[in-house]
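What follows is a single structure, written as structure tokens, with notes after it.
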Amino acid sequence: MLAQEAVNSGDTAWVLVCTGLVLFMTPGLAAFYGGMVRTRNVLAMLQQNMIALGVVSLTWVLVGYTIAFGDDAGTGLFGNLELFGLTDLKVPPAPNLHVVAGQVTVPTLAFVAYQMMFAVITPALVTGATAGRLKFAGWVAFLAIWSVVVYAPVAHWLWHPDGWLAKFGTQDWAGGMVVHASAGAAVLGTLLVVGRRRGWPKTASPPNSIPLTILGAGILWFGWFGFNGGDGLQANGLAAQALINTHLAAAAGMLVWLVAERLKDGHSTVVGGVSGAVAGLATVTPAAGYVNTLSAIAIGAIAGIVCHFALRLKYLLRLDDALDVLAVHFVGGMLGSLLVGFFGDSGVNPLGKDGLLFGGGGSLLWHQIVGVVAVVAFSFVLSWAIAAAVQAVLGLRAPADEQDNLDHAQQAADAYHLGGVAGLNGTGAPQRRREPGRERGAERPTRPAQNARLVTATVNPTLLPTTRELRDALVGAGATSIVLLDATVSTAEPIARSLPRGYWQDQDLVGRARVEVVVEREAVSAVLDVLGRYGAERSECFVQDVQLATDVR
């Protein structure tokens with residue numbers, strides 16, 4: 001199956017670990033995006049990302065790898081098909097593949113697996129831009145076609161020794177062009193086909209779980225050590241340099257983004273912080289193995305400010321990029337690729353070149369410009385064509401009546417099952433389970449009401465320390481029956497709700513808890529006083545005569 005005489009166990013172990021790290025980035029991306037979409041589209045977003053692990057892994061083994069890393073077909077555009085299905089792996093990857101000096105000393109299958117994870121996560125980036133609009137079957141078809149027709153050739157251009165951009169002199173350490181720029185261009189082409197969400201840009205989309213987004217960002221940051229650290233295919237000083245460059249660029253991007261956010265919007269937010277970190281990670285990716293430590297910090301800082309202000313790009317282009325993939329990944333990938341032309345340092349990597357700031361003149365920068373333009377143009381045109389073809393045959397855009405609840409339409413399930421009332425604080429402590437029917441708090445007010453009245457009001461759940469406090473206060477005021485429901489009420493003035501990355505939305509309807517209390521006529525005033533302590537306005541409360549069911553003859 002594999003003939004290779006010299007295999008370095010340390011290099012092999014490092015590449016295999018990095019393979020696992022990059023794989024972990026795909027569920028991390030799913031969580032990162034999943035936390036920022038509407039509650040009813042969470043499962044759909046998670047599935048759109050996770051399905052790439054299934055679809056692209058198979059297309060890569062069958063045909064993607066041979067197009068990307070098979071012997072060049074003679075034009076520098078793609079490899080031949082001799083390695084179709086990995087049936088003829090006789091030699092390790094070619095010498096000097098990527099930036100490894102001398103003979104590569106890892107098994108070919110280790111290299112296949114490592115590169116597979118890059119192929120998996122690249123098209124998954126598109127889902128952040130198209131959130132809430134993708135038909136699942138169409139997306140699967142797009143993934144399969146794009147990974148073969150777009151990703152594999154671009155990988156060949158830049159990462160195969162005989163690729164035309166590699167021979168031209170363009171450098172891309174770990175995917176500024178192959179991954180981020182090509183995925184960003186795919187976003188442009190795909191959005192032209194799937195269009196905008198209903199009401200965009202006037203209607204904002206609130207995130208369902210910022211903690212989930214932060215968890216996803218942490219996983220991405222962690223996985224990026226494998227993304228950038230393993231591309232030299234050796235466990236050596238260059239891997240350490242790429243790893244620390246990765247981390248410091250993310251740190252600089254985070255801090256600069258937070259400062260810009262503070263100056264522009266008045267707040268430094270946790271979502272802004274991780275957005276800056278991801279921008280720094282994406283931007284340093286093409287440079288991680290070619291620049292020194294201080295240059296990596298500078299690249300991250302530049303990414304933090306440029307990508308932050310690039311958030312306006314989607315409005316200028318009139319493209320509904322839901323989760324700002326263009327600003328973070330597309331702009332970051334292109335920016336980092338160009339910055340290699342300024343910060344490239346052959347002292348860090350002998351196989352690299354000196355950039356403009358290190359005495360190398362403008363030749364490397366020119367090579368980078370040509371590479372960026374070629375990759376973006378290629379990916380944009382083909383991505384639009386693939387998306388249009390899939391839309392015509394299978395449908396890529398989800399029907400309008402399903403877009404606000406893709407989880408029900410595509411999954412027949414809900415991501416969450418807790419409403420506002422169920423999410424209120426309760427009381428109690430760990431204790432032995434009680435007998436059935438004797439659970440603490442199960443007792444209800446059972447005193448029959450005379451001259452019963454039904455008091456209906458809406459209270460602010462944030463003013464309720466515990467449900468027990470409300471219950472005890474109402475019972476103490478004379479309530480004989482209490483019902484608590486979720487409710488949404490209109491407001492006299494819209495309430496501005498902050499959204500991630502400096503966006504907001506004006507809400508005309510806000511969440512409240514609806515309380516229905518049965519009480520004797522003499523105790524109505526006391527009950528209204530209790531409800532008033534929790535935000536109920538007397539002018540919005542209702543008191544009605546009621547007849548208890550036990551009185552019906």
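This chain uses plain numbering: 1 for the first residue, then up along the sequence.
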Can a donor-acceptor pair be found, under 3.5 Å and without considering hydrogens, that links the side chain of Asn208 to the backbone of Gly34?
yes
Decide yes or no for Met116 and Val22: does some side-chain heavy atom of the first lie under 4.5 Å from some side-chain heavy atom of the second?
no
Between Leu143, Leu191, Thr190, which is the residue that forms a side chain to side chain contact (heavy atoms under 4.5 Å, CB included) with Val126?
Thr190
Taking CZ in Phe222 as the centre, count heavy atoms belonging to other residues, nucleotides or ligands within less than 6.0 Å. Is the count above 12?
no
Given side chain to side chain contact (heavy atoms under 4.5 Å, CB included), test Val270 with Ile210 step by step and report yes or no.
CA-CA 9 Å; Val270 65; Ile210 289 178; 4.0 Å; yes
When you measure from the side chain of Trp60 to the backbone N and O of Val112, does any donor-acceptor pair fall under 3.5 Å?
yes
Can Thr246 and Asn228 be counted as having a side-chain donor-acceptor contact under 3.5 angstrom?
yes
Flag, side chain of Asp324 to backbone of Ala327, donor-acceptor distance under 3.5 Å:
no
Do Trp257 and Ile305 have side chains that get closer than 4.5 Å, going by heavy atoms?
no
Looking only at the side chains, is there a donor atom on one of Thr130 and Trp139 sitting less than 3.5 Å from an acceptor on the other?
no
Candidate pair Leu394 and Lys135, rule side chain to side chain contact (heavy atoms under 4.5 Å, CB included), full reasoning
CA-CA 9 Å; Leu394 293 176; Lys135 187 176 180 181; 5.8 Å; no
Asp486 side, atom CG; Thr488 side, atom OG1 - distance, nearest 0.5 Å:
7.5 Å
Can you tell me how far CZ of Phe225 sits from CG of Leu243, rounded to the nearest 0.5 angstrom?
5.0 Å
If you define the side chain from C-beta out and look only at heavy atoms, does anything of Pro211 sit under 4.5 Å from Ile214?
no
Any donor-acceptor N/O pair, Ser383 side chain to Phe380 backbone, under 3.5 Å:
no
Compute the ring centroids of Phe78 and His156, then answer whether they are less than 6.0 Å apart.
no
Any sub-3.5 Å donor-acceptor pair from Asp407's side-chain atoms to Ala413's backbone N or O?
no
In short, Ala296 meets Ala249 closest at the heavy-atom pair O-CB, 3.5 Å
For the side chain of Asn41 and the backbone of Ala44, is there at least one donor-acceptor N/O pair under 3.5 Å apart?
no
Show the nearest heavy-atom pair for residues Gly176 and Ser337, with the distance to one decimal.
C-OG, 3.7 Å
Taking all atoms of both residues into account, what is the closest heavy-atom pair of Pro286 and Gly336, and its distance?
CG-C, 3.3 Å
Going from CG on Leu165 to CH2 on Trp159, what distance comes out if it is rounded to the nearest 0.5 angstrom?
12.5 Å
Residues in side-chain hydrogen bond (donor to acceptor under 3.5 Å, both in side chains) with Trp164, at least two apart?
none
Using modelled atom types and a 3.5 Å cut-off, is there a donor and acceptor pairing between side-chain atoms of Thr87 and backbone atoms of Leu83?
no
Check the pair Leu23 / Ile121 against side chain to side chain contact (heavy atoms under 4.5 Å, CB included), numbers first and verdict last.
CA-CA 8 Å; Leu23 183 151; Ile121 198 171; over 6 Å; no
Going by atom types only, do Gln47 and Gln411 share a side-chain donor-acceptor pair under 3.5 Å?
yes
Is a side-chain N or O of Asn80 found less than 3.5 angstrom from the main chain of Gly70, in a donor-acceptor match?
no
Please walk me through it: do Trp157 and Phe378 pass ring pair (Phe, Tyr, Trp, His ring centres under 6.0 Å)?
CA-CA 12 Å; Trp157 296 358; Phe378 178 78; 4.7 Å; yes
Nearest heavy atoms of Pro153 and Ile67, plus distance in Å:
N-CG2, 4.0 Å
Would you check if Tyr33 and Leu125 make a side-chain contact, meaning some heavy-atom pair closer than 4.5 Å?
yes
The test is side chain to side chain contact (heavy atoms under 4.5 Å, CB included); show your working for Asn49 and Met45 and say whether it passes.
CA-CA 7 Å; Asn49 281 266; Met45 174 58 74; 3.3 Å; yes
What's the shortest heavy-atom distance between Val120 and Pro123, and which atoms?
O-CD, 3.5 Å
Under a plain distance cut-off of 3.5 Å, with no hydrogens placed, do Asp72 and His160 share a side-chain donor-acceptor pair?
no
Between Asp414 and Tyr416 (side chain of the first, backbone of the second, donor and acceptor by atom type, cut-off under 3.5 Å), is there such a pair?
no
Heavy-atom donor-acceptor pair, Ser379 side chain to Val376 backbone, under 3.5 Å:
no
In terms of ring plane angle, is the pair Phe69 and Phe111 parallel, tilted or perpendicular, where the classes change at 30° and 60°?
perpendicular
Do the non-hydrogen side-chain atoms of Val178 and Val375 ever get within less than 4.5 Å of each other?
no
Report the distance from atom OG1 of Thr19 to atom OH of Tyr114, rounding to the nearest 0.5 Å.
7.0 Å
So, for Met177 and Val372, which heavy atoms are closest and what is the spacing to 0.1 Å?
SD-N, 3.5 Å
With Asp320, the salt bridge (charged side-chain N to carboxylate O under 4.0 Å, His left out) member among Arg197, Arg196, Lys314
Arg197
Report the distance from atom OG of Ser57 to atom CE of Met117, rounding to the nearest 0.5 Å.
5.5 Å
For the ring pair Phe118 and Tyr151, is the centre-to-centre distance below 6.0 Å?
no
Atom CG in Asp231, atom CG in Leu233: separation rounded to 0.5 Å?
7.0 Å
Tell me whether the centres of the aromatic rings in Trp221 and Phe32 are closer together than 6.0 Å.
no
How about Val331 and Leu326: do any of their side-chain heavy atoms sit closer than 4.5 Å?
no
For Trp200, I'd like to know if atom CH2 has over 12 heavy atoms of other residues, nucleotides or ligands within 6.0 Å.
yes
Just so I know, are the side chains of Glu261 and His267 near enough to count as touching, which here means a heavy-atom distance under 4.5 Å?
no
Measuring only between side-chain heavy atoms, which start at C-beta, is Trp224 closer than 4.5 Å to Ile219?
no
